[in-house]
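Notes for the one structure printed next.
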Amino acid sequence: MRFAILAAALAIPTATFAADPAADAIAARQGYFKLVGANMGVLAGMAQGKMDYDAAKAQKAADNMAVLASYDLSHTLLPDTTAEAMGDKTRLKQVAFDDLEGFVAAYTKFAAAAGAMQAVAGAGQGELGGAMGALGGSCKGCHDEYRTK
């Protein structure tokens, strides 16, 4: 009986267990941006008055954004993991690779805006709102240039 189970297990094609680097990179990138979006939602909601301002929650979301903005995404940016290559599995445009310097500059701008948000998020809704313009603008700039609609 053990031999039959072992033989069956060995007969399973190894491709079943092989990782798909492109799919893994896309999944990691999308997971990262879901975390960014979740924290951005808290900050934007408070800045816009759509949710009550809570200094502790605002600071936690801003702290999270600063950590996320310091994350090295390079392992998720594999060639051929763009919308042009993968269709609707991702929204990253090929231009991110073609203009890598600009893409890195946009990410650097996001990191700076996240740091500025972290510095003021717990100080009041007005300060949060002021920092939100730069943070939201950094996200929009990258979306407009490097992400499909």
- [ ] Report yes or no: does Y146 contribute a side-chain atom to a donor-acceptor pair with the main-chain N or O of L92 at less than 3.5 Å?
- [x] no
Open item on the list: Run M132 and L43 through side-chain contact (heavy atoms from CB on, under 4.5 Å) and show every step you take.
Closed with: CA-CA 7 Å; M132 196 65 216; L43 295 168; 4.0 Å; yes
Task: Atom of C142, atom of F103 and distance for their closest heavy-atom approach - done: SG-CE1, 4.0 Å
Open item on the list: Please check this pair: side chain of E127 against backbone of A119, looking for a donor-acceptor N/O pair closer than 3.5 Å.
Closed with: no
Task: Nearest atoms (heavy-atom pairs only) where G129 meets A47 - done: CA-CB, 4.0 Å
Task: K57/D52 salt bridge by N-O under 4.0 Å criterion - done: no
Task: Greater than 12 external heavy atoms within 6.0 Å of D98's CG - done: yes
TODO: Using the rule that two of Ile, Leu, Val, Met, Phe, Trp, Tyr join whenever any of their side-chain heavy atoms come within less than 4.5 Å, decide whether F33 and M65 are in one cluster.
DONE: yes
Open item on the list: Looking at Q118 and A66, would you say the former's side chain and the latter's main chain have a donor-acceptor pair under 3.5 Å?
Closed with: no
Open item on the list: So for atom NZ, which belongs to K109, do other residues, nucleotides or ligands contribute more than 12 heavy atoms lying within a distance under 6.0 Å?
Closed with: no
Task: Closest approach of M86 to A22 (non-hydrogen atoms, all atoms of both residues) - done: CE-CB, 4.3 Å
- [ ] Can you spot which of R147, K140, E145 makes a side-chain contact (heavy atoms from CB on, under 4.5 Å) with H143?
- [x] R147
Task: Partner of P21 by side-chain contact (heavy atoms from CB on, under 4.5 Å), out of D80, I26, L78 - done: L78
Task: Same cluster (ILVMFWY, side-chain, under 4.5 Å), M40 and Y53 - done: yes
- [ ] Could you tell me whether the side chain of Q125 and the main chain of M46 form a donor-acceptor pair under 3.5 Å?
- [x] yes
Open item on the list: To check you understand the geometry: which heavy-atom pair defines the closest contact between L77 and F97, and what is its length?
Closed with: O-CE2, 3.3 Å
TODO: Compute whether any side-chain donor of one residue and acceptor of the other, for T81 and R29, lie under 3.5 angstrom apart.
DONE: yes
- [ ] Output the distance between atom OG1 (T108) and atom CD (E101), rounded to the nearest 0.5 Å.
- [x] 10.5 Å
TODO: Check step by step if side-chain contact (heavy atoms from CB on, under 4.5 Å) holds for M117 and L128.
DONE: CA-CA 7 Å; M117 174 61 79; L128 178 77; 3.3 Å; yes
Task: Within-4.5 Å side-chain heavy-atom neighbours: Y71 and V36 - done: no
TODO: Quick one: closest heavy-atom pair of E84 and Q94, and the distance?
DONE: OE1-N, 2.9 Å
Open item on the list: Looking at L68, is its backbone amide N or carbonyl O close enough to the side chain of Y32 to form a donor-acceptor pair, meaning the two atoms are under 3.5 Å apart?
Closed with: yes
Task: Whether over 12 other heavy atoms sit under 6.0 Å from D54 CG - done: yes
Open item on the list: Is there a continuous path of hydrophobic side-chain contacts, each under 4.5 Å between heavy atoms, that joins V67 to L35?
Closed with: no
TODO: Identify the heavy atoms of L135 and A114 that sit nearest to each other, and give their distance.
DONE: CD1-N, 3.8 Å
Open item on the list: When you measure from the side chain of Y107 to the backbone of D72, do you find a donor-acceptor pair of N or O atoms at a distance under 3.5 Å?
Closed with: no
